Amino acid sequence: PAPIRLTDYRPPAFLVDEVHLDFDLKPEATRVKARLTLRRNGETGAPLRLDGERLKTLSVAVDGRALAAGEFTEEAHSLTIPGVPDAFVLETEVEINPAANKALEGLYMSGGRFCTQCEAEGFRTITWYPDRPDVLARFTVRMTADDSWPRLLSNGNLVETGRGTDGRRYAVWNDPFPKPCYLFALVAGELDELADSFVTASGRKVELKVFVDPGMSARAAYAMDALKRSMRWDEEAFGREYDLDLFMIVAVRDFNFGAMENKGLNIFNSSLLLADPETATDLDYERIESVVAHEYFHNWTGNRITCRDWFQLCLKEGLTVFRDQAFSADMRGEAVQRIKDVKALRARQFAEDQGPLAHPVRPSSYLKIDNFYTATIYEKGAEVIRMLKALIGAQAFRKGMDLYFERWDGHATTVEAFIACFAEVSGRDLSAFFAWYEQAGTPRVRLASRWTPETGELEITLTQRTPATPGQADKRALPVPVRLGLLDAEGRTLAFELDGEAADETLVVLEGEETRVTLTGVTSRPVVSALRGFSAPVELSSDARPGDRYVQLAGDADLFNRWEAGQEVARDLILARAGGAPDEVGEERFAEAMGRALNDQASEPAFKALLLALPTESDLAVASPPADPAAIHAARQALRLRLAVHLEDTLKRLHLGLQDGGEFSPDAASAGRRALRNAALEALAARPGAEVTALAEGHYRAASNMTDAMGGLNALMLLGGGAFTSALEDFRARWKDEPLVMDKWFALQARDPSPDALDKVAALTAHPDFDARVPNRLRALVATFASANPARFHAEDGSGYRFLADQILAVDRFNPMTAARLVEPLGSWRRYRPDLGARMKAELERIAAAPDLSRNVVELVSRALE
Ligand code: B3K
Ligand code: ZN
């Protein structure tokens, strides 16, 4: 199939001003009548061409006149009508089958309810339409259903409800804001509601409703709270008020990804909405808060201003991630949030950038846009905006955002138009910066420093190079903001002068291949703390001496770099051991330093929990191509064991001392204490024995919330044996009727590094509670195994790869989008030991050779094999 290219963009030939949709909802045969008011936008005489898939066309009429079969052409993906006037009304009627829709795209059934997912191109499976984001129309939606579906919801304001002459219920909704069809949503079914309200800065009252499965409304309370905080925050941080009188969120179990920002009617995967202390972990609470914020923030960055075409996806996604990260930092503390965001960026985006799927933040071609909802577009897209803000300053950044909202409200626009706003308000030339959007790959930045004690001068030289990525051999130099400060040998902040001004910290911008700066007044030998707060998404290396990292770990004023120093020491120790050259002295020194950091009264528990977590096996694999997962696993275990032995007293004290009495609170400080306590238990579990098993069992049984229950279960899993088996049974007996909790039960077993884990995982696919048609369950078992259990996924005989390939082939038959998301762990075959890589590649080839693959899977598999 031919790819779609950015350079081929043409404005739409027709615009739609008004859409009236009329749904007669029946699970197996829903009728959709559409009335579109169309207006020519291009060349006179061009035919009207509409998108559609899997539609049974019942009638087509132009200006009230029914067309005969020969007056239009229907093909598999399009409907063409020649000779239409410049302005006219088109009426169509189609029949669709939501019950048979297991791709979960368009209109489908989840838990007996009707719901929709249209982004990116699902609307075309509902009705004939110009399904592209630059066609903005006002929607009126009418729906009729039997009494089994009492709540009838769509975007905007409720205009009318009642019963028709046939006694069935109907509702009519109108959305006054023109929108692209990917933001259309419809939900029908039996739902409980949690209601609240919000008064905007200008004094308008907005009704807020969260709809959930019957009996579950108490579990929506945290999401509601997060929503209200998001609404306030967007007013304060960006001057953005909500615009309708009603804002609704609906939770559904069957959903291909996290959530969707449909205008006025967000639809959420229930895993990112429902929470109470017994069933949700602190991580769940944290993600709910950030995703509720993310989808809400889309109302301005995505909905009021949308994308001209799907190549501009980062315009709404990168920007909205940037906004939700800033919100979370304000809610939960900047340093801890930043560390978590960077961990995720490295784990997903850096890995992507090194593999066959590397692409720019704004790609220039694709086969299936669904495959481009990637870490690069989301997370690196957010990093690019973070750098923009660092480069032009917070004030100019805010002015640029204001200008963007003012200029582009109500439009579908481009990344160029967005960046132009910042160039304009700051008076800067941002053309070199724009390369961050067009160039794939992670720049390698090198820092060299030379201190002259006699003059107190410190000369810093920064250089950069970006490795080639598929299809982009030659790379340009990018502007890289590098925030830096100095420490003395004791880890205290060391002041310096720059251009005659005294400073503790400065921002050096690496421009071109090389940039040199000289700091003066540096009175003692400095330790350079560079790329503070991870000021740019690059890989930094420097000529620092080995001891410098310990100075940073002990006292860097920048908490990100304090954490980073610990990670780097641990990484080097593990990789040295994996390479057959263990540094025992270094390992002892690291354990000592970790002990001091854990006993530091001044730092908060959440931060210590992050410090204590060693780099993951996947991170270590990315850092050591060609990776040997078995050696990495063993070496990491060895360092864990050393920490468990060396830090036994400290870890036990933390575990005992951080016990929470009293009532559960999901706030960041309480969550931080639980995180550290559970991390201490996990660290202790590196050394199996009756005592630690008893400790873990006690922890599990005493748990009064899901965070601690999972912490106990996790430790028991690492320890293995009968205690683990009986805890698993106990857990299942208690939670078998709670799908979201059972997802955790499956995921935990998928992460089990013990040698027979794959057999168990394979057996679990035949468990009565397993259903590959439910993406949450499939991801819990299969995706977790492939991405979070490297030791077993990379089994020497290739059985882990074979298992994943079988799953991809099976799922692709009914849910291509979700099948495609499973390809990535095989796609990185070039980064592994050649014998393993060959086995991974063979599985990709087996998939590629299978008949009737979806375009989604074809695109990813063939790029991985190129
Ligand atoms: N915009 C949606 C993602 C849609 C993914 C479609 N394959 C959720 C979000 O980013 O907020
Ligand atoms: Zn988004």
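Everything numeric here is computed off the predicted structure, so don't read it as measured data. All ligand and atom numbering here is 1-based and tracks the order in the structure.
By the 3.5 Å distance cut-off applied to N or O atoms, Glu295 is counted among the residues near ligand 1.
Taking atom 5 (C) of ligand 1 as the reference point, the nearest protein heavy-atom neighbour is Phe257 CZ, 3.2 Å. When hydrogens are left out, the protein atom nearest atom 1 (N) of ligand 1 is Glu119 OE1, 2.6 Å; that is the closest non-hydrogen contact. For atom 10 (O) of ligand 1, the closest non-hydrogen atom on the protein side is Tyr378 OH, 2.5 Å. The protein heavy-atom contact nearest to atom 8 (C) of ligand 1 is Ala259 O, 2.9 Å.
Close approach of ligand 1 to Lys316 is summarised as follows: ligand atoms under 4.0 Å from at least one heavy atom of the residue are 1 (N). Each of the following atoms of ligand 1 lies closer than 4.0 Å to a heavy atom of Met817: 7 (N). Every atom of ligand 1 with a heavy atom of His298 under 4.0 Å away is listed here by number and element: 9 (C), 10 (O), 11 (O). Near Glu261, meaning under 4.0 Å from one of its heavy atoms, ligand 1 places the atoms 1 (N), 2 (C), 8 (C), 9 (C), 11 (O). In the vicinity of Met260, heavy-atom distances shorter than 4.0 Å reach the ligand 1 atoms 1 (N), 2 (C).
When side chains are defined from C-beta on, Phe257 does not count as touching Tyr373, because their heavy atoms never get closer than 4.5 Å. Side-chain contact check for Val823 versus Leu844: some heavy-atom pair is nearer than 4.5 Å.
Residue side and main chain included, Glu317 places an N/O/S atom under 2.8 Å of the Zn ion (ligand 2).
Side-chain atoms of Gln349 and Thr376 include a donor-acceptor pair closer than 3.5 Å. A donor-acceptor pair shorter than 3.5 Å cannot be found between the side chains of Glu261 and Asn266. For the 3.5 Å distance criterion, the side chains of His294 and Glu289 fail to qualify, holding no donor opposite an acceptor. A side-chain donor-acceptor contact under 3.5 Å links Lys263 and Asn299.
A salt bridge links Asp353 with Lys380; the closest basic N to acidic carboxylate O contact falls under 4.0 Å. A salt bridge does not link Asp309 with Arg362: every distance from a Lys NZ or Arg NE/NH1/NH2 to an Asp or Glu carboxylate oxygen is 4.0 Å or more.
In terms of distance to the Zn ion (ligand 2), the nearest N, O or S atom of His298 is named NE2.
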